[in-house]
Number of protein chains: 2
Amino acid sequence: MKKVSIKDIAQMAGVASSTVSFVLNGKARKMRISETVEKRVLEVARTAGYYPNQLAISLRTGKSKTLGLIVENIGNIFFATLAKTIEEEAEQYGYRVVYCSTENNASKGKELINMLSQRQVDGYLITPAPHMEEDIQQLVQLQRPVVLIDRYLPAVEASHVLVNNAEAVGQGMAHLFSQGYREIGFVTVDLDVIQIEQRLDGYIAALSKEGIRLNKDIILKIPYTHHREDAIELIAGLLKNNPQLDALFFATNYLGILGLESINRLKMSIPEDIAVISFDDHDIFRLYPPGITSIQQPVEAIAKKAVALLMDQCENTDIRFDKTEVELTAKLIVRGST
Amino acid sequence: MKKVSIKDIAQMAGVASSTVSFVLNGKARKMRISETVEKRVLEVARTAGYYPNQLAISLRTGKSKTLGLIVENIGNIFFATLAKTIEEEAEQYGYRVVYCSTENNASKGKELINMLSQRQVDGYLITPAPHMEEDIQQLVQLQRPVVLIDRYLPAVEASHVLVNNAEAVGQGMAHLFSQGYREIGFVTVDLDVIQIEQRLDGYIAALSKEGIRLNKDIILKIPYTHHREDAIELIAGLLKNNPQLDALFFATNYLGILGLESINRLKMSIPEDIAVISFDDHDIFRLYPPGITSIQQPVEAIAKKAVALLMDQCENTDIRFDKTEVELTAKLIVRGST
DNA sequence: TTACACATCTAAAACGATTTTGCAAAATTT
DNA sequence: AAATTTTGCAAAATCGTTTTAGATGTGTAA
């Protein structure tokens with residue numbers, strides 16, 4: 001079945017295709033199309049089941065009304081809810097979102113940027129993987145609307161919105177101290193991205209503030225491309241080799257989940273044998289007995305702010321925008337694990 | 001910064017734009033473009049940073065190389081992994097996927113189909129919400145490639161791939177019986193979709209096979225648009241009002257998770273006070289002590305098969321396809337909860 | 001010398017919309 | 001009555017590609 005185009009409608013209604021376009025775009029008044037013609041066109045379009053070809057519109061107008069969202073891993077609940085919230089938010093502005101995952105791989109990230117460029121997205125929301133500086137800087141230089149989320153690249157002149165990672169970790173550490181924990185291990189990922197660094201910085205700062213000597217042995221950096229099993233073993237090893245530990249701080253939710261599995265296998269109990277706190281909330285943390293204390297990012301606020309920033313750039317492409325840096329506050333959710 | 005088009009390249013290289021197109025599409029040989037010209041064009045395109053406008057290509061060729069994927073809720077891990085696997089699978093064929101959620105709302109589903117149609121997707125993968133029969137049948141009648149996943153609509157002439165829901169539940173029930181459980185409650189959702197019905201049918205058939213009288217009081221249908229709290233209360237109520245229950249069968253993973261919370265609040269322990277089994281696996285089920293027995297769908301196989309069916313239709317639009325019905329086997333994962 | 005094949009490209013139409021410009025007829029002003 | 005403006009629509013250009021159908025020149029055979 002052939003699709004019906006604006007030309008077909010024009011022919012059926014006995015008018016020019018431009019007339020159909022005016023009517024269908026509500027410009028009948030402005031273009032002084034008579035009511036008779038307007039009604040006829042509307043009627044014909046309706047009965048013929050006409051719907052416009054978005055590709056053609058985009059090509060002609062130069063606006064695709066689409067945003068590209070590049071996250072680390074859409075399978076992770078943090079990014080999934082972020083994506084969903086961003087989508088809902090963008091819809092308010094009449095924009096669609098297409099999203100994709102880098103898996104923290106720069107070359108995949110480069111490909112994704114290319115793919116999105118080819119599809120003429122109007123703007124980019126990116127959680128940059130390491131070594132994507134150049135590709136993103138290029139977008140900025142081409143004056144493409146770009147907003148970075150969750151982390152940023154110091155070398156790149158792009159606006160960004162993220163949480164106060166260091167302070168949030170500090171808050172979590174203060175909570176641990178107040179509960180009497182002193183020997184606190186830190187499990188993070190061996191990944192060269194700023195928010196992970198900030199979280200470690202927060203840990204170190206908190207220790208020094210409390211006057212505790214930094215012990216590098218109880219900081220575990222797990223390779224990003226770990227296999228499940230290996231990571232679980234590494235964390236278990238940390239616990240076995242450092243029996244003095246009374247608490248573990250996990251830098252992300254997937255690390256926390258792996259940690260639960262390690263603790264489980266060692267038949268240690270939370271919080272009696274070891275207290276647990278993790279960055280990023282997760283269903284499991286709410287449910288897993290006795291409840292895992294975590295640091296919850298304000299996903300909705302992040303999404304709203306990022307989309308707002310991006311929309312601002314999209315709708316005013318003529319203006320040159322300054323780099324805007326937004327830092328939102330994460331929230332400590334205290335549960336039974338501490 | 002103005003984007004550079006094929007015309008610009010043509011001008012810079014001193015040739016016609018058709019020549020550029022031939023070269024860039026590797027048709028230089030076929031169109032007998034001289035090597036001199038070919039090299040020059042390639043060089044100019046490279047240094048000018050040319051990349052094609054996918055919109056224009058799609059418009060001209062009539063193929064967008066994009067598939068539309070409509071799921072129930074991209075936030076649910078089952079659909080999220082399904083989506084991701086489908087995306088990876090489609091990539092093998094050189095297709096992109098755009099996905100969106102119905103929230104089981106037919107009117108939202110209708111809108112999504114419209115949106116995807118406007119964007120000229122080449123094919124549709126749909127987990128249909130109730131009452132979407134008409135809209136989907138229309139796609140089929142327009143000869144658009146369509147494959148239904150996870151469930152199907154008896155009234156619609158579209159291919160589909162799903163799991164053997166009834167048998168899988170039967171298998172789970174048989175396992176429960178073999179462990180000595182007799183009083184098995186069934187928690188499902190009040191939703192008029194076929195796979196949910198099949199799961200209930202499987203439960204009823206298993207009971208009758210075992211010679212146990214059906215007790216409607218221990219079948220709980222939770223309204224789909226429940227609030228978390230209400231659902232948890234409903235399940236807790238089921239347990240309180242039926243102290244004879246020794247096991248609960250949950251029809252989906254989100255129901256299972258809600259159930260865990262209910263059981264938690266009643267301070268009942270698994271599996272001593274109540275055994276638990278759920279359809280659809282989830283991270284939580286693997287981790288939550290003592291491990292929740294579940295029925296795992298072969299997500300990867302579903303994705304592969306669905307994409308293969310759809311690709312077949314997309315690449316051979318001339319042929320009229322018969323309705324293909326694929327049923328895959330789900331797998332029982334026994335854990336500590338039973 | 002003419003015709004014909006071949007090599008090497010170019011011109012132009014098309015995809016489906018939007019938007020600027022053009023133009024005849026009717027209405028209004030001078 | 002002539003000049004001007006307004007009305008109501010049509011024509012054509014345009015977006016960036018692909019693709020079909022020539023155009024042009026050169027070497028070869030008749």
Side-chain angles (χ1 to χ4, degrees), chain A residues 1-42 44-45 48-66 117-122 317, chain B residues 1-42 44-45 48-66 117-122 317:
Chain A
M1 186 86 71
K2 193 64 182 37
K3 282 174 197 165
V4 31
S5 80
I6 207 170
K7 265 189 207 155
D8 303 324
I9 303 295
Q11 199 164 25
M12 289 190 248
V15 297
S17 57
S18 45
T19 306
V20 177
S21 173
F22 294 139
V23 170
L24 262 31
N25 287 304
K27 297 185 181 164
R29 270 307 79 69
K30 212 171 93 192
M31 286 296 146
R32 334 167 218 265
I33 307 294
S34 68
E35 265 190 60
T36 337
V37 170
E38 183 180 13
K39 268 195 181 157
R40 189 164 77 240
V41 169
L42 249 25
V44 170
Y50 170 80
Y51 61 91
N53 181 325
Q54 189 60 46
L55 297 180
I57 296 178
S58 298
L59 179 59
R60 172 62 229 231
T61 61
K63 309 251 115 228
S64 62
K65 288 285 175 183
T66 302
S117 302
Q118 291 191 194
R119 304 205 169 227
Q120 315 295 122
V121 298
D122 293 336
T317 39
Chain B
M1 185 87 71
K2 195 61 184 37
K3 283 172 194 162
V4 32
S5 80
I6 210 170
K7 265 190 208 154
D8 303 324
I9 303 295
Q11 200 164 24
M12 289 189 245
V15 297
S17 54
S18 44
T19 307
V20 177
S21 174
F22 294 138
V23 170
L24 262 29
N25 287 306
K27 297 187 182 163
R29 274 301 82 67
K30 212 172 91 193
M31 287 293 147
R32 327 171 218 270
I33 306 295
S34 69
E35 266 190 58
T36 336
V37 170
E38 183 179 14
K39 268 195 183 159
R40 191 166 73 239
V41 168
L42 249 26
V44 171
Y50 170 80
Y51 61 92
N53 181 327
Q54 189 59 46
L55 296 180
I57 296 179
S58 298
L59 179 59
R60 171 61 228 229
T61 62
K63 310 252 115 228
S64 63
K65 291 283 178 185
T66 302
S117 302
Q118 291 190 194
R119 301 202 171 229
Q120 314 298 120
V121 298
D122 293 337
T317 39

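Below, all heavy atoms of this structure are taken into account, side chains as well, without hydrogens, waters or symmetry copies. Note on naming: letters A, B, ... go to the chains in the order of the sequence lines (proteins, then strands), and numbering restarts at 1 for each one.
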Asks: For a quick test of reading the model, state the closest non-hydrogen atom pair linking B:A48 to B:V4 and the distance between them.
Replies: O-CG1, 3.6 Å

Asks: Measure the CD-OG distance between B:Q120 and A:S58 for me, rounded to the nearest 0.5 Å.
Replies: 10.0 Å

Asks: Could you list the donor-acceptor pairs under 3.5 angstrom formed by side chains in residues 6-19 of chain A, with sequence neighbours left out?
Replies:
residue : atom : partner : partner atom : Å
A:D8    : OD2  : A:S5    : N            : 2.8
A:D8    : OD2  : A:S5    : OG           : 3.4

Asks: Of the listed nucleotides (C:dT18, D:dG8, D:dT17), which one gets closest to any side-chain atom of B:N53?
Replies: D:dT17

Asks: Between atom CG in A:L24 and atom C1' in C:dT18, what is the gap in whole Å?
Replies: 12 Å

Asks: Where each residue is assigned the nucleotide of DNA chain C containing its nearest heavy atom, which of B:S34 and A:Y51 is assigned the position nearer the 5′ end?
Replies: B:S34

Asks: Set out, line by line, the N/O atom pairs under 3.5 Å between protein and nucleotides 27-29 of chain C.
Replies:
none

Asks: Take B:Y50 and B:L24 through the test side-chain contact (heavy atoms from CB on, under 4.5 Å) and record every step on the way to the result.
Replies: CA-CA 10 Å; B:Y50 170 80; B:L24 262 29; 3.5 Å; yes

Asks: Could you state the atom-to-atom distance from NZ of A:K3 to P of C:dG16 in whole Å?
Replies: 9 Å

Asks: Return whichever of B:A56 or B:V37 has its heavy-atom-nearest nucleotide of DNA chain C closer to the 5' end.
Replies: B:V37

Asks: Mind calculating the distance between CZ (A:F22) and P (C:dT21) to the nearest angstrom?
Replies: 12 Å

Asks: Check whether B:N25 reaches the backbone of B:K27 with its side chain - one donor and one acceptor, N or O, closer than 3.5 Å.
Replies: no

Asks: Identify the two heavy atoms, one from B:D122 and one from B:G62, that lie closest to each other, and give their separation to 0.1 Å.
Replies: OD1-O, 4.3 Å

Asks: Between B:I6 (CD1) and C:dA14 (P), how many Å, whole number?
Replies: 19 Å

Asks: Tell me what B:K27 touches on the nucleic acid: a base, only sugar-phosphate, or nothing, going by heavy atoms under 4.0 Å.
Replies: sugar-phosphate

Asks: Using whole Å, what does the distance between atom P of nucleotide C:dG16 and atom CD of B:Q120 come to?
Replies: 8 Å

Asks: Please give, in whole Å, the distance from D:dT5 C1' to A:R32 CZ?
Replies: 10 Å

Asks: Between D:dT18, C:dG16, D:dC15, which one does the side chain of B:K7 approach most closely?
Replies: D:dC15

Asks: Output the distance between atom CG (A:L55) and atom CG (B:N53), rounded to the nearest 0.5 Å.
Replies: 9.5 Å

Asks: Please state how far atom CD1 in B:I33 lies from atom P in C:dC6, giving the value in whole angstrom units.
Replies: 18 Å

Asks: Would you mind writing out the side-chain donor-acceptor pairs for residues 32-39 of chain A within the sub-3.5 Å range, not counting sequence neighbours?
Replies:
residue : atom : partner : partner atom : Å
A:S34   : OG   : A:V37   : N            : 3.4
A:E38   : OE1  : A:R29   : NH2          : 3.3

Asks: Determine whether a donor-acceptor pair (one donor, one acceptor, N or O, separation below 3.5 Å) exists between the side chain of A:R60 and the base of D:dT14.
Replies: yes

Asks: Do any of residues 14-21 of chain B sit with a heavy atom less than 4.0 Å from DNA chain C, and if so which?
Replies: B:G14, B:V15, B:A16, B:S18, B:T19

Asks: Nearest heavy atom decides the nucleotide; on that basis, is A:M31 or B:Y50 closer to the 5' end of DNA chain D?
Replies: A:M31

Asks: Applying side-chain contact (heavy atoms from CB on, under 4.5 Å) to B:K3 and B:Y51, what does each step give before you reach the verdict?
Replies: CA-CA 9 Å; B:K3 283 172 194 162; B:Y51 61 92; 3.9 Å; yes

Asks: What nucleotide among D:dG16, D:dA10, D:dT7 has an atom nearest to a side-chain atom of B:S5?
Replies: D:dG16

Asks: Per the end-axis method with five pairs at each terminus, what is the bend angle of the helix from C:dT1-D:dA30 to C:dT30-D:dA1, to 10°?
Replies: 80°

Asks: Just how far is it from atom CZ of A:R119 to atom OG1 of B:T66, taken to the nearest 0.5 Å?
Replies: 4.0 Å

Asks: Take the protein atom CD1 of B:I57 and the nucleotide atom P of D:dG16, then report the distance between them rounded to whole Å.
Replies: 13 Å

Asks: Name all pairs fulfilling the salt bridge (charged side-chain N to carboxylate O under 4.0 Å, His left out) condition that reach into residues 51-65 of chain A, sequence neighbours left out, sorted by first residue then second.
Replies: none

Asks: With a 4.0 Å cut-off on heavy atoms, is A:L59 in touch with a base, just the backbone sugar-phosphate, or nothing at all?
Replies: base

